[in-house]
Visitor: 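After the structure tokens below, expect a handful of questions from me.
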Amino acid sequence: MKINYCLPIIKKSRKEVLDSIAKYRNDYQYLEIWLDSIKDIDKAFVDQLIYMLQNKLILLFHRGSDIKPRLSSDKKREILDLLDNSKSFIDLDLSEKDELAYLKKINVKTIISYHNYDKTPDDLNEITKQIGEQKPTIYKISTLCKNENDAIRLLHLQVKLMEQKQRCIVLGMGKFGTITRVFGTMWGNELI
């Protein structure tokens with residue numbers, strides 16, 4: 001069993017991001033850079049990241065409705081264009097409709113995500129179908145587990161996706177979600 005570890009890098013400056021990369025690059029299979037948190041982000045820096053990290057790089061624009069996006073739609077499209085035909089990934093949430101639509105114009109490795117910080121919804125199959133419509137490289141679903149049944153439903157979803165030969169990351173948050181991280185890793189989540 002090969003476990004791919006991913007380090008989220010949420011820093012305010014390019015220097016801090018580069019320092020984290022230098023420190024942890026060899027310890028993790030993937031480095032996930034949160035672009036919206038970087039004050040001085042520009043095309044040249046993103047291009048540098050793509051060149052440096054290649055298939056170890058996962059970029060995401062922002063996560064969660066509580067974070068005010070810093071990047072304009074034009075800037076996001078510029079970044080997506082830089083990723084065109086690269087080995088790097090973009091992680092887009094289902095809520096990022098404009099960026100998802102733009103993917104039809106380019107060739108990018110994608111992690112299409114659904115996050116719910118409040119609950120594990122009943123309609124996991126519908127959510128999975130919506131992700132599948134985007135033709136992701138990797139499906140990602142992460143929800144808050146309020147009880148054991150939520151965790152079991154997530155594990156069942158992971159097994160179902162894997163039976164369909166879909167690469168996936170299925171994770172539960174909260175105390176009851178811990179088991180999904182343990183078994184999800186053992187059963188073949190793409191990364192943890």
Side-chain angles (χ1 to χ4, degrees), residues 1-38 40-63 71 75-96 98-115 128 131-142 157-158 161-171 180-181 184-192:
M1 166 179 62
K2 181 175 188 313
I3 300 173
N4 293 314
Y5 293 98
C6 177
L7 176 68
I9 298 177
I10 308 166
K11 300 294 182 185
K12 293 182 179 178
S13 73
R14 292 183 285 194
K15 181 183 180 329
E16 290 174 307
V17 170
L18 293 173
D19 289 347
S20 292
I21 291 170
K23 184 173 181 179
Y24 298 110
R25 182 180 190 165
N26 295 324
D27 299 329
Y28 291 87
Q29 287 72 39
Y30 294 99
L31 298 173
E32 178 184 78
I33 313 293
W34 291 41
L35 296 175
D36 245 4
S37 64
I38 305 168
D40 49 353
I41 192 78
D42 62 15
K43 269 177 66 172
F45 181 65
V46 174
D47 205 33
Q48 178 185 6
L49 293 174
I50 293 168
Y51 178 77
M52 281 175 51
L53 296 172
Q54 298 189 29
N55 62 346
K56 290 180 70 111
L57 177 64
I58 301 171
L59 295 176
L60 62 89
F61 294 125
H62 74 282
R63 185 68 70 228
L71 299 175
K75 179 77 81 176
K76 290 177 183 179
R77 282 191 292 275
E78 287 176 1
I79 291 168
L80 289 171
D81 284 338
L82 290 173
L83 288 166
D84 192 18
N85 291 310
S86 76
K87 295 178 182 179
S88 302
F89 283 90
I90 185 74
D91 182 340
L92 291 175
D93 193 83
L94 275 178
S95 65
E96 296 177 275
D98 292 341
E99 292 77 19
L100 290 171
Y102 194 74
L103 291 179
K104 293 175 176 59
K105 301 177 182 182
I106 56 178
N107 180 26
V108 179
K109 291 173 30 179
T110 58
I111 299 171
I112 305 299
S113 301
Y114 171 82
H115 294 81
T128 303
I131 292 172
E133 290 169 358
Q134 302 300 322
K135 301 191 182 351
T137 308
I138 301 172
Y139 289 66
K140 181 179 179 190
I141 296 179
S142 182
L157 175 64
Q158 180 189 6
L161 287 168
M162 293 183 72
E163 286 174 349
Q164 297 170 357
K165 306 288 188 233
Q166 302 296 338
R167 295 169 68 189
C168 63
I169 306 161
V170 180
L171 302 170
T180 68
R181 294 174 182 269
T185 301
M186 291 172 53
W187 293 350
N189 266 337
E190 280 296 313
L191 58 90
I192 188 75

Visitor: Looking at residues at least two apart in the chain, or sitting in another chain, which of them share a side-chain contact (heavy atoms from CB on, under 4.5 Å) with D27?
Guide: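 With neighbours one apart ignored, the set is Y24.
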
Visitor: Name all residues meeting the side-chain contact (heavy atoms from CB on, under 4.5 Å) criterion together with N4; count only those two or more places apart in sequence or in a different chain, and write none if there are none.
Guide: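 For N4 the side-chain contact (heavy atoms from CB on, under 4.5 Å) partners, ignoring immediate neighbours, are K2, Q29, Y30, L191.
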
Visitor: Any sub-3.5 Å donor-acceptor pair from E96's side-chain atoms to L92's backbone N or O?
Guide: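 Flag not set: sc E96 to bb L92 has no pair under 3.5 Å.
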
Visitor: Supply the atom-to-atom distance Q166 CD to Y139 OH, rounded to the nearest 0.5 angstrom.
Guide: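 These two atoms lie 4.0 Å from each other.
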
Visitor: For T110 versus K135, what's the shortest heavy-atom pair and its separation?
Guide: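 Looking at all heavy atoms of both residues, the closest pair is OG1-O, 4.1 Å.
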
Visitor: To the nearest 0.5 Å, how far apart are NZ in K76 and CD1 in I90?
Guide: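 The NZ atom of K76 sits 9.5 Å away from the CD1 atom of I90.
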
Visitor: Show, in sequence, the C-alpha distance, side-chain angles and deciding distance for T137 and I111, and conclude whether the side-chain contact (heavy atoms from CB on, under 4.5 Å) test is met.
Guide: CA-CA 6 Å; T137 308; I111 299 171; over 6 Å; no

Visitor: Judged by atom type as modelled, is there a donor-acceptor pair below 3.5 Å linking the side chain of S113 to the main-chain atoms of D93?
Guide: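 Not a single qualifying donor-acceptor pair exists.
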
Visitor: Taking NZ, NE, NH1 and NH2 as the nitrogens, is one of them in R14 or D42 under 4.0 Å from a carboxylate oxygen of the other?
Guide: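 Yes, this pair counts.
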
Visitor: Side chains of K140 and D91, heavy atoms from C-beta outward: is any pair under 4.5 Å?
Guide: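 The answer is yes; the side chains approach within 4.5 Å.
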
Visitor: Among residues at least two apart in sequence or on other chains, which ones pass side-chain contact (heavy atoms from CB on, under 4.5 Å) with S37?
Guide: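 For S37, the residues satisfying side-chain contact (heavy atoms from CB on, under 4.5 Å) (neighbours in sequence not counted) are I10, W34.
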
Visitor: Taking C-beta and beyond as the side chain, do L161 and Q164 meet within less than 4.5 Å on heavy atoms?
Guide: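 L161 reaches Q164 side chain to side chain.
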
Visitor: State, with a plain yes or no, whether a side-chain heavy atom of I192 is found less than 4.5 Å away from one of I3.
Guide: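 Yes - at least one pair of side-chain heavy atoms lies under 4.5 Å apart.
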
Visitor: Would you mind reporting whether T180 and V170 have side-chain heavy atoms less than 4.5 Å apart?
Guide: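 They are not in contact (no side-chain heavy atoms under 4.5 Å apart), so the answer is no.
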
Visitor: List the atom pairs, donor and acceptor, that lie under 3.5 Å between side-chain atoms in residues 47-60 and the rest of the protein, sequence neighbours left out.
Guide:
from	atom 1	to	atom 2	distance (Å)
K56	NZ	R25	O	2.7
K56	NZ	Y28	O	2.5

Visitor: Return each pair, listed once, that meets side-chain hydrogen bond (donor to acceptor under 3.5 Å, both in side chains) where at least one residue sits in residues 77-90; pairs must be two or more places apart or across chains.
Guide: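 Qualifying pairs: D74-R77, D81-Y102, N85-N107.
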
Visitor: Hey, could you give me the CG/NZ distance between L18 and K11, rounded to the nearest 0.5 Å?
Guide: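 Reported value, rounded in 0.5 Å steps: 12.0 Å.
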
Visitor: I'd like to know if the side chain of Q158 reaches the main chain of G184, judged simply by a donor and an acceptor atom lying under 3.5 Å from each other, with no hydrogens or angles considered.
Guide: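 The answer is yes, because a donor-acceptor pair under 3.5 Å joins these two groups.
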
Visitor: If only atom types and distance count, is the side chain of N189 paired as donor or acceptor with the main-chain N or O of R181 below 3.5 Å?
Guide: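 Absent.
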
Visitor: CG/L82 to CZ/F45 distance, rounded to the nearest 0.5 angstrom?
Guide: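 Here the interatomic distance stands at 12.5 Å.
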
Visitor: From L103 CG over to D98 CG, what is the distance, rounded to the nearest 0.5 angstrom?
Guide: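 CG of D98 is found 11.0 Å from CG of L103.
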
Visitor: I'd like to check I21 versus I9 (side-chain heavy atoms, cut-off strictly below 4.5 Å). Are they in contact?
Guide: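 The answer is yes, as the side chains (C-beta and beyond) meet within the 4.5 Å cut-off.
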
Visitor: Name all pairs fulfilling the salt bridge (charged side-chain N to carboxylate O under 4.0 Å, His left out) condition that reach into residues 103-112, sequence neighbours left out, sorted by first residue then second.
Guide: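 Listed once each, the pairs would be none.
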
Visitor: L80 and V108: which non-hydrogen atoms are nearest, and at how many Å?
Guide: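 Closest heavy-atom pair between L80 and V108: O-CG2, 4.1 Å.
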
Visitor: Indicate yes or no: at least one non-hydrogen side-chain atom of T128 is less than 4.5 angstrom from one of Y114.
Guide: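 No, too far: nothing below the 4.5 Å cut-off.
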
Visitor: Can you tell me how far apart SG (C6) and CG (L31) are? Round to the nearest 0.5 Å.
Guide: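 These two atoms lie 7.0 Å from each other.
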
